[in-house]
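This report refers to the structure that appears directly beneath it.
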Amino acid sequence: MPVFRALSKVAKQALLTPACGCQSLTVAIRNISFSPRQVTSGSDASFHSVSFSETDHPKVLITGGLGQLGVGLAKLLRKRFGKNNVILSDIRKPPSNVFHSGPFIYSDILDYKNLREIVVNNRITWLVHYSALLSAVGESNVALARAVNITGLHNILDIAAEHGLRLFVPSTIGAFGPTSPRNPTPDLCVQRPRTIYGVSKVHAELMGEYYHHRYGLDFRCLRYPGIISADSQPGGGTTDYAVQIFHDAVKNGKFECNLKPDTRLPMMYIDDCLRATLEVMEAPTETLSMRTYNINAMSFTPEELANEVQKQLPDLQVTYEIDSVRQAIADSWPMNFDDSNARNDWGWKHDYDLPELVQTMLNFIGSDSRIAQAN
Ligand SMILES: NC(=O)C1=CN([C@@H]2O[C@H](COP(=O)(O)OP(=O)(O)OC[C@H]3O[C@@H](n4cnc5c(N)ncnc54)[C@H](O)[C@@H]3O)[C@@H](O)[C@H]2O)C=CC1
Ligand SMILES: CC(=O)[C@H](N)C(=O)O
C-alpha cells in the first residue's frame with residue numbers, strides 16, 4: 001500500500017528524531033506530489049472560555065454527517081464558529097432542511113483524492129470523522145464495514161497528517177469485548193472485541209495514537225456510550241432500542257424490545273455527547289494525558305428504562321423478542337463505563353441522568369407528534 005511505502009521512506013529519519021511532544025517531524029504521508037509538511041505538536045486551542053475572532057475560527061469538515069450525530073454536531077459547531085465554517089458531508093442526499101441550514105458537500109471517504117480536494121479547497125483545519133457502519137449493520141455486511149471503517153479511516157488519517165488538521169474520531173463502548181472488565185470498564189484494559197465494528201474502532205484508536213506519537217497528528221478520540229436522540233434516527237446499532245422505545249411509546253403505546261430486560265449498557269443523551277466532543281476538541285493539549293478517553297453519563301437496562309418511561313406513560317406495554325446477534329454483542333460490551341480520566345483531565349461532566357433523559361425525549365417526541373397530528 002502506498003502509505004506504508006511512503007512511511008518507510010521517512011521511517012529512518014523519524015526514528016532518529018524523538019517522539020513528538022516537543023519536536024517537529026517532516027513527514028511525507030502519501031506517495032504523491034505535495035511538499036513535505038512540518039508537523040508540530042504545539043496547540044493554541046483553549047477550553048470553555050475561548051472566544052474566536054472571525055479570523056481564527058477553525059474550519060471544520062464533518063464526514064458521515066447525515067447520520068444520527070452529524071447534523072446536531074454541525075448545529076452546535078455552527079453556533080460557536082459561524083455557519084460557513086462548518087461543512088457537513090456524506091454520500092447520501094441531504095433532506096432539504098439540512099441542505100438549507102449550512103454548507104453541505106458530497107464526500108465518499110473511500111475516495112482519497114476527493115477528500116484531499118475538499119480539505120484543500122475549503123482550507124479545513126478540523127476534521128470530525130463520523131462515517132462508519134455501526135455494530136449490528138456491520139455484522140450484516142463485514143466487507144463494507146471493513147472498507148468504510150478501516151480503509152476509510154486510513155484515508156482520513158493520511159489527509160489529516162498531510163494537512164496538519166486536528167482530527168476527532170469517535171470510538172465506542174463496542175471497542176471492548178467479553179474479556180474486558182465490564183463493570184466498570186476503565187480506559188486502559190484488555191480490548192478484544194468480537195464485532196468488525198469493535199475491531200475497526202480499536203484499530204482507529206491505535207492508529208490515531210500511533211500517528212500522534214510518531215508524526216505529531218493532533219488526534220483526539222472519545223469512546224461514546226450508546227447515544228440517545230429524539231430528532232435523528234440511529235444507524236443500525238445494538239443500543240438503538242433505547243431510542244426506538246420513545247417513538248413507539250408515544251405513537252403506539254407498545255414497544256417490542258430486541259434485548260433482554262436485564263441487559264445493562266452505558267448510555268448518554270445526544271446533547272451531552274456533542275458538547276463533550278466540542279470540549280475535547282477545544283481542550284488545551286497540555287490537559288490531555290491521553291488521546292482516547294471513555295465518556296459516560298448513565299447506565300441502565302431495558303427494564304429500568306421502560307419503568308422510567310412508564311412513570312410518564314403508565315399504559316406503555318413492553319414485550320421482549322430477542323435478536324440473537326444484538327444480544328450477543330450487548331453481552332460482550334461494558335455494563336458501566338469508567339470515565340474518571342476525562343473528568344479529571346479536561347473537566348468532562350454530563351448534564352443528563354435517566355429521569356432528565358426520559359422527560360426530555362418524551363417532551364420532544366410528544367410535541368413533534370402533536371404538531372404532526374395538527375397538520
Ligand atoms: N450513535 C451512537 O450511539 C454511537 C456512535 N458512535 C460513533 O459516532 C459516529 C457517528 O455515529 P452515527 O451518526 O450514529 O452513525 P450513523 O450510522 O447514523 O451515520 C454514519 C454515516 O456515515 C455515512 N457513510 C457510510 N459510508 C460512507 C462513506 N463511504 N463515505 C462517507 N460517509 C459514509 C452514512 O451515510 C451515514 O450517514 C460513528 O463513527 C460511530 O461509530 C460511537 C458510539 C455510539
Ligand atoms: C454504542 C455504539 O457504538 C452504537 N450505538 C452501536 O450500538 O453500534
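Atoms within a ligand are numbered from 1 in the order they appear, just like the ligands themselves.
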Nearest-contact summary for atom 38 (C) of ligand 1 - protein heavy atom, Å: Y130 O, 3.2 Å
Per-atom contacts, ligand 1 versus T172 - under 4.0 Å to a heavy atom: 42 (C), 43 (C)
Heavy-atom pair of closest approach, residues E282 and R166: CA-NH1, 4.4 Å
Option whose closest heavy atom lies nearest to atom 27 (C) of ligand 1, chosen from I62, I91, L110: I91
Close approach of Y224 to ligand 2, heavy atoms, under 4.0 angstrom: no
Heavy atom of the protein closest to atom 23 (C) of ligand 1 (residue, atom name, distance): D90 OD1, 3.5 Å
Close N or O approach (Y197, ligand 2; < 3.5 Å): yes
Nearest neighbour of atom 33 (C) of ligand 1 from the list A242, S131, G226, G72, on a heavy-atom basis: S131
From S229, G152, G67 - option closest to atom 16 (P) of ligand 1 by heavy atom: G67
Heteroatom distance test (T239, ligand 2): nitrogen or oxygen, under 3.5 angstrom: yes
Heavy-atom closest contact (Q310 atom, L316 atom, distance): NE2-O, 2.9 Å
Ligand 1 atoms in contact with G235 (distance to a heavy atom under 4.0 Å): 17 (O), 18 (O)
Closest approach of any protein heavy atom to atom 14 (O) of ligand 1, naming residue and atom: Q68 CB, 3.4 Å
Stepwise side-chain hydrogen bond (donor to acceptor under 3.5 Å, both in side chains) test for D345 and T287: CA-CA 6 Å; D345 282 5; T287 63; over 6 Å; no
Nearest-neighbour protein heavy atom for atom 42 (C) of ligand 1, which is reported as residue plus atom name and distance: S171 O, 3.3 Å
Distance filter under 4.0 Å to S135 heavy atoms, resulting ligand 2 atoms: 6 (C), 7 (O), 8 (O)
Selection from G70, A147, P170, A145 by shortest heavy-atom distance to atom 7 (C) of ligand 1: P170
Sub-4.5 Å side-chain heavy-atom contact between I228 and Y352: no
SB check R264 D262 (cutoff 4.0 Å): no
Rounded distance [0.5 Å steps], CG in L274 versus CD1 in I227: 8.0 Å
Y197 and N149: CA distance, side-chain angles, deciding distance, side-chain hydrogen bond (donor to acceptor under 3.5 Å, both in side chains) verdict: CA-CA 7 Å; Y197 179 59; N149 296 9; over 6 Å; no
Shortest protein contact, atom 29 (N) of ligand 1 (heavy atom only): D108 OD1, 2.9 Å
CA sep, side-chain torsions, deciding dist, call: Q327, D331, side-chain hydrogen bond (donor to acceptor under 3.5 Å, both in side chains): CA-CA 6 Å; Q327 186 65 49; D331 287 342; 2.9 Å; yes
Within reach of ligand 1, part of K201 (heavy-atom separation under 4.0 Å): side chain
Heteroatom distance test (L134, ligand 1): nitrogen or oxygen, under 3.5 angstrom: no
Shortest protein contact, atom 4 (C) of ligand 1 (heavy atom only): I227 CG1, 4.0 Å
Side-chain ion pair, D339 and R223, N-O less than 4.0 Å: no
V60 and I87, any side-chain heavy atoms less than 4.5 Å apart: no
Heteroatom distance test (Y197, ligand 1): nitrogen or oxygen, under 3.5 angstrom: yes
Part of P225 with heavy atoms under 4.0 Å of ligand 1, whether side chain, backbone, both or neither: backbone
T238: numbered ligand 2 atoms lying under 4.0 Å from its heavy atoms: 6 (C), 7 (O), 8 (O)
Residue portion contacting ligand 1 (non-hydrogen atoms closer than 4.0 Å) for S107: backbone
Taking every non-hydrogen atom, the tightest pair across I150 and S200: CG1-CB, 3.6 Å
Part of I173 within contact of ligand 2 (heavy atoms, under 4.0 Å): side chain
NZ/NE/NH1/NH2 to OD/OE distance under 4.0 Å, R291 and E205: no
Heavy-atom pair of closest approach, residues D240 and P234: OD1-CB, 3.2 Å
Atom 5 (C) of ligand 1: nearest protein contact (heavy atom, Å): L69 CD1, 3.9 Å
Where ligand 2 meets L134 - atom numbers and elements under 4.0 angstrom, heavy-atom basis: 8 (O)
Shortest heavy-atom approach to atom 2 (C) of ligand 2 - which of T172, D240, I227: T172
Mode of W333 contact toward ligand 2 - side chain, backbone, both, neither (heavy atoms, under 4.0 Å): side chain
Salt bridge (charged side-chain N to carboxylate O under 4.0 Å, His left out) evaluation trace for K113 with D111: CA-CA 6 Å; K113 282 190 173 172; D111 183 345; over 6 Å; no
Centroid separation Y293 to W348 less than 6.0 Å: no
Flag side-chain contact, heavy atom, 4.5 Å: F300 against D353: no
Numbered atoms of ligand 2 (with element) below 4.0 Å of G237, judged on heavy atoms: 6 (C), 7 (O), 8 (O)
Name of the residue among P184, P334, S340, P225 meeting side chain to side chain contact (heavy atoms under 4.5 Å, CB included) with N296: P225
Atom 30 (N) of ligand 1 [closest protein heavy-atom partner, distance rounded to 0.1 Å]: I109 N, 3.0 Å
